[in-house]
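Computed from a prediction, not measured in an experiment: that's the story for all the values here. Scope of the values below: all heavy atoms of this structure, side chains included, with no hydrogens, waters or symmetry mates.
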Amino acid sequence: MAKKITKKGTEEKKKKKGFGSAVTSQVKRNTDDLREGRAVSLEFFKRNAWMIIAIITALIGVMGLRYRTKTRMSEIKQLNRELQRAESEKLHEKAWYMTLIRETELTRLMNEKRLGLKYQEEPPVEIECEGLNPSSHK
């Protein structure tokens, strides 16, 4: 370590500057400049060009990441809606298929047993008469 002689004639040990002390002095100088209103000078931008570029790059990266996340989230929501619709349609088709299977099985059994029954395509029609009361058929 180097020794430094002060005005009073006493010797002081001078510390070697490392990376940490250089950063600390730079931060101190920058905060002093900010307090005194000299932070927007050309010298400030010259001294801190790499830091400014790094901060801007990081901000642009974060914005891009956020945009990509939002677009992927909306795509996931859309695909979930499509999946729900497809599952609903699958259940509807399965129910329709099961109905057809039951109908064909019943038709096959009726023909096999020779019951003479037929599958009715239309629902039964109700006929109303004015003179008859439905509760009076007992």
Side-chain angles (χ1 to χ4, degrees):
M1 292 208 190
K3 293 186 179 181
K4 181 180 174 187
I5 300 175
T6 60
K7 290 181 182 178
K8 295 181 180 180
T10 58
E11 295 180 2
E12 289 183 6
K13 292 181 181 178
K14 187 176 179 183
K15 295 181 182 177
K16 289 185 181 178
K17 288 193 173 186
F19 180 73
S21 61
V23 170
T24 306
S25 66
Q26 180 72 24
V27 169
K28 184 175 180 339
R29 189 170 56 215
N30 288 341
T31 53
D32 289 342
D33 285 348
L34 282 173
R35 283 190 210 136
E36 295 171 7
R38 291 182 283 153
V40 290
S41 67
L42 185 59
E43 185 63 30
F44 173 80
F45 288 110
K46 284 181 183 177
R47 280 191 317 227
N48 300 308
W50 291 109
M51 186 170 43
I52 292 170
I53 290 171
I55 289 172
I56 290 173
T57 305
L59 287 175
I60 290 172
V62 168
M63 288 174 16
L65 194 76
R66 183 177 169 94
Y67 174 76
R68 186 172 42 191
T69 304
K70 289 251 184 200
T71 54
R72 287 185 180 172
M73 291 280 284
S74 64
E75 185 179 351
I76 288 170
K77 285 180 183 177
Q78 179 201 8
L79 291 173
N80 278 335
R81 282 193 300 266
E82 287 180 23
L83 179 64
Q84 287 175 349
R85 287 183 191 134
E87 287 175 348
S88 174
E89 188 169 332
K90 180 190 89 164
L91 288 174
H92 177 72
E93 292 296 323
K94 183 178 178 183
W96 177 249
Y97 177 70
M98 293 304 286
T99 302
L100 290 177
I101 288 176
R102 278 188 242 121
E103 287 176 8
T104 54
E105 184 67 20
L106 285 174
T107 306
R108 186 187 65 77
L109 284 173
M110 285 188 299
N111 291 336
E112 188 178 286
K113 302 288 183 184
R114 298 176 194 225
L115 296 174
L117 300 173
K118 294 181 182 177
Y119 179 73
Q120 185 176 350
E121 296 288 331
E122 296 178 9
V125 178
E126 291 185 20
I127 299 174
E128 293 183 17
C129 296
E130 292 180 14
L132 293 174
N133 190 1
S135 61
S136 65
H137 287 295
K138 295 181 184 179

One should read off an interatomic distance between His92 NE2 and Ser88 OG, to the nearest 0.5 angstrom, of 8.5 Å

Separation of Thr107 OG1 from Met110 CE (nearest 0.5 Å):
4.5 Å

Quiz question: by atom type and distance under 3.5 Å, do the side chains of Gln84 and Arg81 form a donor-acceptor pair?
no

Under 3.5 Å, sequence neighbours excluded: what are the donor-acceptor pairs made by side chains of residues 54-72?
from: Thr57; atom 1: OG1; to: Ile53; atom 2: O; distance (Å): 2.7
from: Thr69; atom 1: OG1; to: Leu65; atom 2: O; distance (Å): 2.7
from: Thr71; atom 1: OG1; to: Tyr67; atom 2: O; distance (Å): 3.2
from: Thr71; atom 1: OG1; to: Arg68; atom 2: O; distance (Å): 2.8

In this structure, OG1 of Thr24 is separated from CZ of Arg29 (nearest 0.5 Å) by 12.0 Å

Measure from the side-chain N and O atoms of Thr31 to the backbone N and O of Val27, and report whether any donor-acceptor pair falls under 3.5 Å.
yes

Do the side chains of Arg108 and Glu105 get close enough for a salt bridge, i.e. N-O under 4.0 angstrom?
yes

Approximate separation, where rounding is to 0.5 Å, of Gln26 CD and Arg47 CZ:
6.0 Å

